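Written out below as structure tokens is the structure these notes cover.
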Amino acid sequence: MHDFHYVGSKLYCERVSADSLVKKFGTPLYLYSQHTLEDHFGKLDRALAPLDHLICFAMKANSNAAVMRTLANLGGGFDVVSEGELRRVIAAGGDPRQCVFAGVGKTEQEIEFALRKGVYSFNVESEPELARINKVAARLKRIAPVAVRVNPNVDAGTHAKITTGTYENKFGIAFEQVEGVYARARRLKNLRLRGLQMHIGSQLTQAKPFELAVRKVLPLVEKLGKKYDFEFFSIGGGLGIVYNPALESGAGGWWQSPAARAGRRRATAPVRLRRRGQDGSGD
């Protein structure tokens with residue numbers, strides 16, 4: 001559910017009229033509901049309550065400082081893919097120690113910056129990247145925490161262009177190769193093998209793909225975890241929002257009536273409203 005609703009023919013975000021914000025700030029206007037963000041974060045947090053967990057919001061979803069500050073204040077972490085994104089997290093009051101550094105294009109400069117800021121872990125896509133992180137860490141006389149990204153070869157059931165967990169995709173290391181990668185990574189003296197990570201896609205609106213992927217990967221996590229003293233297993237994936245029909249996540253009464261539909265056409269014409277979902281890890 002979200003906190004956009006109609007009072008008569010006027011669109012409101014929580015208790016604030018969209019019209020009043022348009023008059024004050026002009027258009028195009030991006031309008032976010034803090035309560036909606038807090039509510040959705042809380043639901044996910046409560047669902048994971050039986051586990052020792054950290055919810056990381058992917059910066060690619062929305063780098064608005066107020067959105068980030070809201071999630072940081074709730075105790076959330078962040079998934080970043082660049083030095084710039086990590087700097088934005090820090091500027092918004094986020095804790096770099098609750099950040100995972102993902103992405104396929106980390107430069108040595110970015111790795112060094114992230115190490116100096118004490119990021120929780122690097123999500124690693126390849127063996128050359130493990131060697132690069134180890135080299136930078138050795139130069140700084142530090143130990144870099146890493147988690148290899150496994151490709152579980154599980155179809156997320158989402159759009160083909162945002163599926164990342166099958167062997168047709170370029171992301172991660174094949175399931176069958178991961179044990180050997182960890183065995184070789186163990187010999188790199190400036191790495192700490194902190195966990196294992198996976199990511200099967202974005203815009204996921206059903207739990208079944210997560211379940212299938214976790215059931216497949218969990219035995220591997222348990223096996224490697226005993227050998228390397230893992231601290232975490234990141235299940236990754238982008239939690240989807242409803243696009244079709246676009247307003248289905250709101251209370252039905254306010255958008256199904258003819259008066260509300262007519263009001264919606266009038267009220268939204270000058271305003272660009274964007275609701276963004278909470279994404280658990282980066283592509």
Side-chain angles (χ1 to χ4, degrees), residues 1-44 55-74 76 78-94 102-103 158-159 161-162 201-205 237-283:
M1 302 296 289
H2 59 78
D3 288 272
F4 290 88
H5 61 277
Y6 279 89
V7 177
S9 62
K10 292 187 179 295
L11 178 64
Y12 276 70
C13 175
E14 299 180 19
R15 292 178 291 178
V16 181
S17 164
D19 285 350
S20 68
L21 297 176
V22 167
K23 291 175 183 177
K24 183 174 182 179
F25 298 107
T27 61
L29 176 66
Y30 295 90
L31 181 57
Y32 304 98
S33 164
Q34 179 176 333
H35 183 264
T36 298
L37 291 171
E38 293 171 340
D39 182 55
H40 288 180
F41 184 96
K43 288 175 180 175
L44 186 57
I55 300 170
C56 290
F57 176 79
M59 288 280 294
K60 67 172 185 176
N62 192 322
S63 59
N64 179 283
V67 169
M68 294 164 58
R69 191 174 302 114
T70 297
L71 298 171
N73 289 341
L74 293 169
F78 295 88
D79 178 298
V80 305
V81 297
S82 70
E83 177 181 333
E85 287 191 350
L86 183 55
R87 287 183 181 276
R88 285 186 68 85
V89 168
I90 296 169
T158 185
H159 192 282
K161 300 301 182 184
I162 51 177
S202 297
Q203 186 54 22
L204 302 174
T205 56
L239 303 185
I241 62 175
V242 177
Y243 285 106
N244 184 26
L247 299 175
E248 202 170 72
S249 59
W254 73 267
W255 59 269
Q256 288 177 340
S257 69
R261 287 197 295 270
R264 182 167 67 251
R265 285 194 294 270
R266 291 194 298 273
T268 59
V271 188
R272 190 184 308 172
L273 302 177
R274 183 171 64 179
R275 294 185 294 107
R276 302 304 295 260
Q278 286 176 301
D279 199 350
S281 105
D283 286 349

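Position 1 is the first residue of the sequence, and the numbers go up from there. Since this is a predicted model, take the numbers as computed values, not measurements.
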Practice prompt. Measure the shortest side-chain to side-chain distance between Y32 and N62 over non-hydrogen atoms and say whether it is less than 4.5 angstrom.
Written response: yes
Worksheet item: How long is the span from the CG atom in L74 to the OG1 atom in T70, to the nearest 0.5 Å?
Response: 7.0 Å
Fill in: Electrostatic pair D39-K43, nearest N-O below 4.0 angstrom
yes
Discussion item. Set out, in order, the CA-CA distance, both residues' side-chain angles and the distance that settles side-chain contact (heavy atoms from CB on, under 4.5 Å) for M59 and V81, then state yes or no.
Written reply: CA-CA 8 Å; M59 288 280 294; V81 297; over 6 Å; no
Response to the item:
Scanning both residues in full, the closest heavy-atom pair of A65 with R88 reads N-NH2, 4.0 Å
Practice prompt. Could you pull out all residues at least two apart from S33 that satisfy side-chain contact (heavy atoms from CB on, under 4.5 Å)?
Written response: D3, F4, C13, E14, H35, T36
Discussion item. Consider side-chain contact (heavy atoms from CB on, under 4.5 Å). Of L71, N73, V67, which one does R69 pass it with?
Written reply: N73
Item to complete: First locate atom NZ of K24, then atom OG of S17, and finally report the distance between them rounded to the nearest 0.5 Å.
Response: 12.5 Å
Fill in: All salt bridge (charged side-chain N to carboxylate O under 4.0 Å, His left out) counterparts of E83, not counting sequence neighbours
R87
Practice prompt. Check the angle between the aromatic planes of F78 and F57 and answer parallel, tilted or perpendicular using the 30° and 60° thresholds.
Written response: perpendicular
